[in-house]
There are 2 protein chains.
Amino acid sequence: MESLLSNIRINISECLYVKDPESSKLGQRILSNSIVLIDQLGFEEFNFKKLGQEIQSNESSIYRYFENKQKLLQYLSALYWGILEYRLVVETTAIQNPEERLYKAVEIVTKNPESISTQPHINLNNLRNIIIAEFTKSYHQKHVDEDNSEGNFSIYKRLVLRIAEMIQLVDSGFKFPKSLASTILDGSLHQFFISAHFKSISDTASNSEVFDFFNQMISRLLNRMTNGSK
Amino acid sequence: MESLLSNIRINISECLYVKDPESSKLGQRILSNSIVLIDQLGFEEFNFKKLGQEIQSNESSIYRYFENKQKLLQYLSALYWGILEYRLVVETTAIQNPEERLYKAVEIVTKNPESISTQPHINLNNLRNIIIAEFTKSYHQKHVDEDNSEGNFSIYKRLVLRIAEMIQLVDSGFKFPKSLASTILDGSLHQFFISAHFKSISDTASNSEVFDFFNQMISRLLNRMTNGSK
DNA sequence: TAATAATAATAGTAATACTATTAAATTTGC
DNA sequence: GCAAATTTAATAGTATTACTATTATTATTA
């Protein structure tokens, strides 16, 4: 019996790859090993030659899947946000109370993602590390606008909009739902980075404290419609 | 008559340069032109060869001032945060009311910096663009911890702590003053980037709206001691 | 004016981020 | 089960980058 989850696939913009890496064994090895290797080496030190050695394959073969390592990073980012979006939808749509729903959403995006078994070759822990350390580099570059118009960041933006919508359902008068949503997403990554590397300016030693911070932020920032739970 | 301001110099960690660029004409040309050139080309496309051509000098001469372009970016970042810190101190210390003081602080860090005349060879507009687009790259790399222990980010961190202190003076019971301070600094840069490139997820079209967002954030997040101004 | 320091010019190196070509292996259609 | 088509591997090569080293030239200062 197959579980529902194992049939799910994150739909990623075709602009992000030359050949769909999920369509072959080699492609899947490229994905799973690049995630480990980028986490290990950092994005700057990572390259396709090293990845080729790692998967006992050739540099040039990897270029048949990804145009360059920048696109690979954008692909991996889309994958991560896609997994988060999936969890967000599955775990929040049944919740009727807008506040409770938003609470759950903030929990999902700020706490550690539990592995979903859809893609067993994807190590979510490594992937999350990559997002914290490298996601910013996927769009902080001169070609952002071009990449953006190709849809390379659409999953991320859709996730922001979903959360913004939830915010507005809690407080329709709040003037900055999108700004707040993107502040939560980006800000939580930033807090994780800071608590790992700049401890002197961090209040959030643990994962759950990052959640506490942003949860407190939304609950104090928004005028609730009801006196909801938590 | 010399103004007070023109005697001020931002004190930048010696680890960030080989030879102090403020100590010679060539060094100053390196600074002023690198700021323009990095803004123009983006950090990835920028290199010392191109900068050398720009200032009618030689690549190898630039290496006598900066170890590499990464360090130059960290230097420029320190310079920017130093200028902001200077303004923050000058413009807030006289303010007695903690809320008013914090309000002013948020204004300074989220609104456009007016040029201070201390360093006429520094184009603050270009520098600010660089910070918005590239600051994240100055610390998102494998050597963060090493660079951090050398003090390369100390001005930035000190600025966060100053704001955190102001937050605590407004609400001593608030649990996350440092997280909030760094969220304001990092978050405002993020909002500027987003409103320039990802308009669909932005509520803040103008500079002043970014200020409004973060100002509302602190005023709703903190339990005020008094019913202060604004 | 001699000594010292700063700068410019030139050359060179190892690594990177690719591209092109061809050969070998694998898959697929009939 | 074989031919055709596709995919992958191996090799080689290129332009650029991020430097380093060396020496010559110029400017500064004692």
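Naming convention: chains lettered A, B, ... in sequence-line order (proteins, then strands); numbering from 1 in each chain.
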Enquirer: For C:dA8, take OP1 and OP2 only and decide whether either is under 4.0 Å from a side-chain N or O of B:Ser60.
Expert: no

Enquirer: Does a nitrogen or oxygen in the side chain of A:Lys19 sit under 4.0 Å from OP1 or OP2 of D:dT8?
Expert: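 Indeed, a polar side-chain atom of A:Lys19 lies that close.
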
Enquirer: Just by distance, no angles: are the side chains of B:Ser182 and A:Gln191 close enough, under 3.5 Å, to form a donor-acceptor pair?
Expert: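 Note: B:Ser182 and A:Gln191 side chains meet the donor-acceptor criterion.
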
Enquirer: Should the pair B:Glu45-A:Lys142 be classified as a salt bridge under the 4.0 Å nitrogen-to-oxygen rule?
Expert: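 Between A:Lys142 and B:Glu45 there is no salt bridge, as every charged N stays at least 4.0 Å from the carboxylate O atoms.
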
Enquirer: Which nucleotide in the list C:dC18, C:dT7, D:dC19 gets nearest to the side chain of A:Asn68?
Expert: C:dC18

Enquirer: Paired with D:dA30 by Watson-Crick or G-U wobble geometry, both distances under 3.5 Å: which nucleotide is it?
Expert: C:dT1

Enquirer: Please check if the side chain of B:Ser188 supplies one atom and the backbone of B:Leu185 the other of a donor-acceptor pair under 3.5 Å.
Expert: yes

Enquirer: Less than 4.0 angstrom from a charged side-chain N to a carboxylate O is my criterion; do B:Lys50 and B:Glu59 meet it?
Expert: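 Result for this pair is no, no salt bridge flagged.
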
Enquirer: A:Gln56 has an atom CD; how far is it from atom P of C:dA25, in whole Å?
Expert: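 It works out to 17 Å between those atoms.
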
Enquirer: Starting at atom NZ of B:Lys25, determine the distance to atom C1' of D:dT28, rounded to an integer number of angstrom.
Expert: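 That distance rounds to 16 Å.
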
Enquirer: Between B:Asn33 and B:Glu54, is any side-chain donor less than 3.5 angstrom from a side-chain acceptor?
Expert: no

Enquirer: How is A:Tyr65 classified with respect to the nucleic acid when contacts are heavy atoms under 4.0 Å: base, sugar-phosphate, or nothing?
Expert: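 If one applies the 4.0 Å heavy-atom cut-off, A:Tyr65 turns out to touch the sugar-phosphate alone, with no base involved.
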
Enquirer: Do any side-chain nitrogens or oxygens of A:Ser57 fall under 4.0 Å of OP1 or OP2 in D:dT7?
Expert: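 Indeed not, no polar side-chain atom of A:Ser57 lies that close.
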
Enquirer: Strictly below 4.0 Å, heavy-atom distances to any atom of DNA chain D: list the hits from residues 39-53 of chain A, or just say none.
Expert: none

Enquirer: Between C1' on C:dT7 and CD1 on B:Ile30, what's the gap in Å once rounded to a whole number?
Expert: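 Interatomic distance, CD1 of B:Ile30 to C1' of C:dT7: 10 Å.
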
Enquirer: Does D:dA12 have a Watson-Crick or wobble partner in any strand here, with both distances under 3.5 angstrom, and which is it?
Expert: C:dT19

Enquirer: Using 4.0 Å as the upper bound for N to carboxylate O, is an ion pair formed by B:Lys104 and B:Glu107?
Expert: yes

Enquirer: Considering only NZ, NE, NH1 and NH2 on the basic side and carboxylate oxygens on the acidic side, decide whether A:Arg162 and A:Glu165 come within less than 4.0 Å.
Expert: no

Enquirer: Please state how far atom CG in A:Asn58 lies from atom C1' in C:dT21, giving the value in whole angstrom units.
Expert: 13 Å

Enquirer: Measure CD1/A:Ile55 against C1'/D:dT7 and give the value in whole Å, please.
Expert: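 After rounding, the reported distance stands at 14 Å.
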
Enquirer: Which whole-number value in Å describes the distance from B:Ile62 CD1 to C:dA8 P?
Expert: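 For the pair B:Ile62 CD1 and C:dA8 P, the rounded distance is 9 Å.
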
Enquirer: Specify the separation, in whole Å, of atom CG of B:Leu73 and atom P of D:dA18.
Expert: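 Roughly 13 Å, once rounded to whole Å.
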
Enquirer: Are OP1 or OP2 of D:dA10 and a side-chain N or O of A:Ser61 less than 4.0 angstrom apart?
Expert: no

Enquirer: How many whole angstroms separate atom CD of B:Glu59 from atom C1' of D:dA21?
Expert: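 After rounding, the gap between these two atoms is 13 Å.
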
Enquirer: What's the closest nucleotide to the A:Leu26 side chain, out of C:dA17, D:dA9, D:dA18?
Expert: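 Of C:dA17, D:dA9, D:dA18, D:dA9 is nearest to the side chain of A:Leu26.
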
